[in-house]
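The block underneath contains the structure these notes are about, expressed in structure tokens.
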Amino acid sequence: MGTVGLLGCICVALLFGLCLGADPFANFELEYSYITASPLGVPQQVIAVNGKFPGPVINVTTNYNVVVNVKNKLGEDLLVTWSGIQMRRVSWQDGVLGTNCPIPANWNWTYQFQVKDQIGSFFYFPSLNMQRANGGVGPFVIMNRDIIPIPFDTPEGDIEIIIGDWYTRNHTALRNALDNGQDLGMPDGVLINGKGPYRYNTTLVPDGIEYETINVDPGKTYRVRVHNVGVSTCLNFRIQNHNLLLAETEGYYTSQQNYTSLDIHVGQSYTFLVTTDQNASSDYYIVASARMVNESLWQRVTGVAVLHYSNSKGNVSGPLPDPPNDIYDRQNGTASGARPNPQGSFHYGSINVTDVYVLQNLPPTMIGGKLRAAYNGISFVNPKTPIRLADVYNVKGDYKLDFPNKPVDRPPVQDTSIINATYKGFIEIILQNNDTVVQSFHLSGYSFFVVGMGFGEWSENNRGSYNKWDAISRSTVQVFPGGWTAVYVSLDNVGVWNLRTENLDRWYLGQETYMRIINPEDAGNKTEFPVPDNALFCGALSNMQKPQKPSSAGVIHAGSKLHCILFVVYAVVLALMR
């Protein structure tokens, strides 16, 4: 997969941007459309980005202003979200229904946000109607600034690996199954970089399937970024005979520890350092296999690629390397991060918790004749008008600020109920998974400290087992069935932020809510940027939406110096307001 080309203006050199220290702009075009592919040997429509499946890499540097013009050629509504990108002060750009009106078919819309004080491995994907199950994903990489050293020697190169379970039914068919009260059933396979498995087993893998080959040179160290973008399956990732030196998770360097394999849950991203220190008598397997399931029954839900040394003497053969036992990751307190101060200097364990939320999920159940999933007995119904737009334009009755902070003893209901959180609060969220499947929890706009995990029902006594010193910081964490996970979050990012399961079936069925964080003392847009000039309007504000002209619609076209100049001016004005 190649990096998306910068389309023109890195605007720091234009006008007076440089002398006022304005951060550079990076412009990208992403066109969403369908192509026909046969990743598991069955021809099907998949969602491509710029004609590629998976989509191209977006590669930027810390503090860059990112401008992405998204063109929707899917024939249905589209939103693109940026998993793990914190969208500081601009929840308007987060790309989920609670914050954005959808991009209609044959329209385009331009996202603009700054990757403020972030580094690391992330990905983008379509957030509506199970579309991610059909593709439309791509890596999003934020490199460190030159003045901030990385905590390891510069790698020979970067390798992007996208893994995920896959169905030969498209996202529309999967939606229809859920709408009809059916379980999605076992996936048809696992893809690695959009391709099916290498034919390691002639019974399980049909002939003629295209597989992924990763080419490397001997004696080098590569940075390998791995993203699980699938529907619902936890995958164990491993490279035959090679150590995986864990280096970073979703924007934070970790204590560097070697693994022979690691479980990567839905929505999670990991970065490893892999040294090609084996002999080249043959190629090596790269494996992503289903976990937390009956592995004999799920054998075909295994992705296999090939690691090919440039001096390899033959093809890989024989059985796949064995899967793992467990995982254990901690944040590296000595590594520099996006900012020139050591990570780990934030002493989260000594901060007083201001609010506690226990979010309990149960297996999907019927509500009003429809199969639904819920947190704390509330199956979320997306508002007709995005939440902060409703605030700004005084739309009444769009949502309720009454989301319960603990499980309720009543039958579940459908509602548009969100959390009324406190700006600069420090909250504890306990995720209680009473479902039968492992789930991934994601919070937009933030990273959080993963301080505890356990099995059974969480109780206050479990706080005694929390890690209050060097817990990993990330934006997506697993919650095992019949167990709990506890996280701490410092609420310093104003806006409306999505809390959800990353399991697409449960998310589609309503297992999500939002956290509304408002600074009542901000009268000058210092802690939250205003509604963007190109905002789309829907719901109660539909009459404000102007028709979009073909190929213009007031959006930014990459390479336009005029727009680059205007953006620099805008950035400088905002900087002076800080």
Side-chain angles (χ1 to χ4, degrees), residues 23 62-63 65-66 79 81-101 111-118 122 127 251 338-339 346 348 351-355 357 382-383 385-395 398-403 405 416-429 442-449 473 475 487-500 512-536 541 570-571 573-578:
D23 292 308
T62 300
N63 290 347
N65 295 286
V66 182
L79 278 174
T81 193
W82 322 88
S83 186
I85 305 301
Q86 292 181 6
M87 300 292 170
R88 306 296 298 182
R89 299 189 286 176
V90 286
S91 63
W92 314 107
Q93 310 290 328
D94 198 34
V96 286
L97 274 180
T99 56
N100 293 97
C101 294
Y111 294 83
Q112 186 194 351
F113 52 89
Q114 186 178 24
V115 288
K116 183 68 174 173
D117 293 332
Q118 283 195 271
F122 311 95
S127 66
R339 289 172 287 187
F346 187 60
Y348 66 89
I351 299 175
N352 291 330
V353 170
T354 57
D355 290 289
Y357 297 90
N382 277 290
T385 309
I387 295 164
R388 280 301 277 146
L389 277 180
D391 289 344
V392 171
Y393 292 97
N394 201 28
V395 176
D398 188 57
Y399 62 88
K400 301 174 183 176
L401 287 170
D402 61 356
F403 191 88
N405 62 3
T416 307
S417 175
I418 68 173
I419 295 172
N420 188 20
T422 303
Y423 177 52
K424 292 193 175 178
F426 188 75
I427 68 171
E428 176 185 10
I429 302 176
H442 177 83
L443 174 59
S444 292
Y446 288 94
S447 63
F448 44 70
F449 296 98
S473 186
S475 61
V487 304
Y488 285 164
V489 192
S490 179
L491 302 183
D492 60 351
N493 192 13
V494 172
V496 173
W497 306 106
N498 191 218
L499 294 80
R500 63 175 182 263
E512 65 173 325
T513 187
Y514 285 81
M515 187 160 52
R516 179 178 177 268
I517 303 168
I518 305 301
N519 179 5
E521 299 178 359
D522 183 8
N525 296 119
K526 293 182 179 179
T527 54
E528 183 185 30
F529 289 166
V531 178
D533 290 340
N534 67 334
L536 294 173
L541 304 175
Y570 178 61
V573 169
L574 290 174
L576 293 174
M577 292 170 61
R578 294 172 187 171

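Scope of the values below: all heavy atoms of this structure, side chains included, with no hydrogens, waters or symmetry mates.
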Verify whether one side chain among [X] and [Y] offers a donor that lies under 3.5 Å from an acceptor in the other.
X: Glu512; Y: Asn498; value: yes
X: Ser475; Y: Ser447; value: no
X: Asp94; Y: Ser444; value: yes
X: Asn63; Y: Gln114; value: no

Practice task
Given side-chain contact (heavy atoms from CB on, under 4.5 Å), test Ile387 with Ile418 step by step and report yes or no.
Solution key: CA-CA 10 Å; Ile387 295 164; Ile418 68 173; 4.0 Å; yes
Handout entry: Qualifying residue, where the test is side-chain contact (heavy atoms from CB on, under 4.5 Å) with Leu491 and the options are Tyr423, Trp497, Tyr446
Key = Tyr446
Is any side-chain heavy atom of [X] closer than 4.5 Å to a side-chain heavy atom of [Y]?
X: His442; Y: Thr81; answer: no
X: Leu536; Y: Asn100; answer: no
X: Tyr357; Y: Ile427; answer: yes
X: Val115; Y: Thr62; answer: no
X: Phe113; Y: Trp92; answer: no
X: Leu79; Y: Leu97; answer: yes
X: Val90; Y: Phe529; answer: yes
X: Gln118; Y: Gln86; answer: yes

Interatomic spacing from [atom1] in [X] to [atom2] in [Y] - rounded to 0.5 Å:
X: Gln93; Y: Tyr111; atom1: CD; atom2: OH; result: 8.0 Å
X: Leu389; Y: Asn394; atom1: CG; atom2: CG; result: 13.0 Å
X: Leu499; Y: Tyr514; atom1: CG; atom2: OH; result: 10.0 Å
X: Ile429; Y: Asp355; atom1: CD1; atom2: CG; result: 10.0 Å
X: Ser473; Y: Phe449; atom1: OG; atom2: CZ; result: 4.5 Å
X: Ile419; Y: Thr513; atom1: CD1; atom2: OG1; result: 5.5 Å

Minimum-distance pair of heavy atoms, taken over all atoms of [X] and [Y]:
X: Asp398; Y: Thr416; result: O-CG2, 3.7 Å
X: Phe426; Y: Asn352; result: CB-O, 3.7 Å
X: Met515; Y: Ala421; result: CG-CB, 3.4 Å
X: Arg89; Y: Thr527; result: CG-O, 3.1 Å
X: Arg88; Y: Gly445; result: NH1-O, 4.2 Å
X: Ser417; Y: Asp402; result: OG-OD1, 2.6 Å

Practice task
Using the test side-chain hydrogen bond (donor to acceptor under 3.5 Å, both in side chains), find all partners of Asn420 that sit at least two apart in sequence or belong to another chain.
Solution key: none
Problem - side-chain hydrogen bond (donor to acceptor under 3.5 Å, both in side chains) partners of Asp391, counting only residues at least two apart - result: Arg388, Tyr399, Arg516
Handout entry: Evaluation steps, side-chain contact (heavy atoms from CB on, under 4.5 Å), between Glu428 and Val487
Key = CA-CA 6 Å; Glu428 176 185 10; Val487 304; over 6 Å; no
